[in-house]
**Q** 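I have a structure I would like to understand better, so I am pasting it below and will then ask my questions one at a time.
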Amino acid sequence: MVVTRFAPSPTGYLHIGGLRTALFNWLFARKNNGKFRLRIEDTDLSRNKQEAVDAIIKAFNWTGLNYDDEVVFQSERFDIYKKYINELLKKGLAYKCYLTKEELEKIREAKLKGEKPPIDIRKYRDFKGELDKPYVIRFKTPLEGKICFEDGVKGKQCVDASEIEDFVIARSDGTPTYNFVVVIDDKEMGMSDIIRGDDHLRNTFKQLLIYKAFGWDVPNFYHVPMIHNEKGAKMSKRDGAVDVMEYKKEGYLPEALLNFLVRLGWSYGDQEIFSIEEMINLFDPKDINKAPSRFNKEKLDWLNSHYIKNSPNERIERILRDDFGVDIVNHDKKEILIDELKERVKTLKEMAREIEKILTPPSEYNEKAIKKFLKEDAINNLREFIEFLKDKDPKLPPDWHKVMDEFLKQKEIKPKFLMPPLRIAMVGDTKGIDLAALLSVLGKEEVIKRVNTLLSKI
RNA sequence: GUCCCCAUCGUCUAGUGGUCUAGGAUACCGCCCUUUCACGGCGGCGACACGGGUUCGAAUCCCGUUGGGGACGCCA
């Protein structure tokens with residue numbers, strides 16, 4: 001059976017890059033009727049795990065990704081890890097290392113500078129005695145030879161064993177470290193395929209050695225290139241929204257975000273739009289690209305507008321109310337309003353703003369527009385138009401069209417002497433949804449009121 | 001610095017030796033539609049990083065250069 005997982009460290013929110021990784025794993029599991037599991041990598045113990053899990057689950061719920069079985073917390077499995085560590089110790093595959101933090105710091109600094117470390121990190125590898133000092137447990141890595149594995153994305157990957165130094169598997173406080181517990185958990189949770197960011201490529205060699213030490217079969221690995229920011233570097237908080245839930249706040253539809261993310265590093269011919277079902281059917285980790293990709297907001301916007309256009313109005317209405325505090329559930333012309341707006345906005349946040357602009361009488365008028373369109377005759381036209389309206393009763397957009405046409409015909413004037421001024425009276429500017437729709441949404445009384453307001457101000 | 005990964009329009013990508021005067025999408029520009037702004041339709045701009053090979057033939061294979069990215073923790 002195919003079993004995949006998403007294994008974030010608890011940072012307090014779901015990162016946009018993490019969502020793509022989760023999506024890939026989820027798609028692959030669903031495609032193969034397998035399992036997709038969630039594991040929280042909280043061996044560090046320093047952060048609030050519950051808050052982090054809540055954040056991830058909230059984001060999962062929003063995007064529709066669901067995980068199978070219970071969530072696994074590494075912080076609750078220390079006894080299990082200890083057992084395995086002791087096993088390695090007993091077999092002589094791991095050892096106690098008494099190097100101090102200061103000594104280690106010197107080694108690290110030297111490595112980062114490209115210099116040869118002043119102290120051998122394997123100093124205690126063959127030390128037989130016991131010291132009354134704090135120690136960490138290191139894994140004995142082979143001194144020579146090659147370590148290789150077949151990566152599902154990048155092909156065969158090898159490294160000289162000499163480059164993988166004896167790494168820490170248990171800290172001085174006894175807690176186990178990432179590269180060790182990952183292997184134990186992936187094994188115990190029955191992982192068949194591991195799709196993760198290629199920042200883990202290096203770690204894979206260490207993990208391979210642990211698998212070997214226990215004589216376990218190795219799962220398939222797929223290292224997917226990172227998503228970069230628009231400048232081509234690693235995404236960070238400075239680049240704007242890295243928290244998935246920010247996209248909800250900005251008025252993006254989850255399916256738009258997923259569609260956008262699935263196309264970052266993966267493609268299926270020329271196809272751009274993928275329903276969730278299509279993604280599940282068509283996704284194959286073997287098709288993942290080798291090159292990193294950049295986050296491209298314009299494309300996301302385009303996808304979002306596509307999905308907004310194709311969303312039922314009730315859904316949009318609900319999001320507008322729940323996420324943006326714009327409640328038009330009981331507005332009698334809400335269908336017209338949403339139908340008009342969904343064709344033109346890129347986000348639901350934008351739609352909410354537009355609705356407020358329409359429903360709230362203008363507090364100010366665009367001066368340029370007034371200068372251009374509100375000449376003497378136009379003002380008269382407005383005055384006469386509301387007079388003309390008195391014994392009419394237009395309701396729907398076509399009614400309003402008819403009324404305006406009649407007026408224009410009767411007065412023998414061109415549309416531009418009535419329509420732009422009318423629009424300015426309604427919303428203060430010359431841009432916006434179809435005028436007849438706008439008038440219909442506002443209703444006759446409000447239309448007259450707004451015209452009068454404008455007339456009184458000039 | 002060392003090791004590793006990567007390299008097609010601004011961006012996301014198609015492309016696996018000949019069908020490529022390199023296709024799609026987005027962005028941008030123009031035209032049409034239209035009372036306006038959008039939407040939509042049509043058209044345009046725009047790329048195989050560079051240099052060597054291999055081959056009858058290279059975007060596709062090999063080598064190097066350059067450029068970008070990642071890793072180098074008692075973080076994950």
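Letters go in sequence order (proteins before strands), and every chain restarts at 1.
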**Q** Looking at the base of B/G23, is there any donor atom on it, or on the side chain of A/Asp270, that sits under 3.5 Å from an acceptor on the other one?
**A** yes
**Q** Mapping A/Ile433 and A/His228 onto RNA chain B by nearest heavy atom, which one lands closer to the 5' end?
**A** A/Ile433
**Q** Relative to the ring of A/Phe221, is the ring of A/Phe149 parallel (under 30°), tilted (30 to 60°) or perpendicular (over 60°)?
**A** perpendicular
**Q** Grab the CD1-C1' distance between A/Ile107 and B/U2 for me, whole Å please.
**A** 16 Å
**Q** By the 4.0 Å heavy-atom rule, please label A/Arg196 as base, sugar-phosphate, or nothing.
**A** nothing
**Q** Return yes if a side-chain donor-acceptor contact under 3.5 Å exists between A/Asp185 and A/Tyr81, otherwise no.
**A** yes
**Q** Quick one: label A/Leu435 by what it contacts on the DNA or RNA (base, sugar-phosphate, nothing), any heavy atom closer than 4.0 Å.
**A** base
**Q** Strictly below 4.0 Å: does A/Ser172 bring a side-chain N or O up to OP1 or OP2 of B/C74?
**A** no
**Q** Measure up the A/Tyr67 and A/Phe60 rings against each other and bin them: parallel (under 30°), tilted (30 to 60°), perpendicular (over 60°).
**A** tilted
**Q** So, does the side chain of A/Lys154 form a donor-acceptor pair with the base of B/C5 at under 3.5 Å?
**A** no
**Q** Say you pick atom P in B/A14 and the same atom in B/G53; how far apart are they, in whole Å?
**A** 30 Å
**Q** Measure distances between side-chain N and O atoms of A/Thr177 and base N and O atoms of B/C74, and say whether any donor-acceptor pair falls under 3.5 Å.
**A** no
**Q** With sequence neighbours excluded, tell me which residues meet ring pair (Phe, Tyr, Trp, His ring centres under 6.0 Å) with A/Tyr13.
**A** none
**Q** Give a yes or no on whether a donor-acceptor pair under 3.5 Å exists between the nucleobase atoms of B/A76, that is its base, and the side chain of A/Asp199.
**A** no
**Q** What does nucleotides 38-49 of chain B look like as a protein-contact string, B for base, S for sugar-phosphate only, - for none, at under 4.0 angstrom between heavy atoms?
**A** BSS---------
**Q** Between A/Ala291 and A/Thr430, who's closer to the 5' end of RNA chain B by nearest nucleotide?
**A** A/Ala291
**Q** Side-chain contact, heavy-atom cut-off 4.5 Å: A/Leu282 with A/Asp287?
**A** no
**Q** When the C1' atoms of B/A59 and B/U55 are considered, how many whole Å apart are they?
**A** 16 Å
**Q** Angle class for the A/His306/A/Trp302 ring planes (parallel below 30°, perpendicular above 60°, tilted otherwise)?
**A** tilted
**Q** Rounding to an integer number of Å, can you tell me how far A/Glu163 CD sits from B/C5 P?
**A** 10 Å
**Q** Between atom CD in A/Glu272 and atom P in B/G23, what is the gap in whole Å?
**A** 16 Å
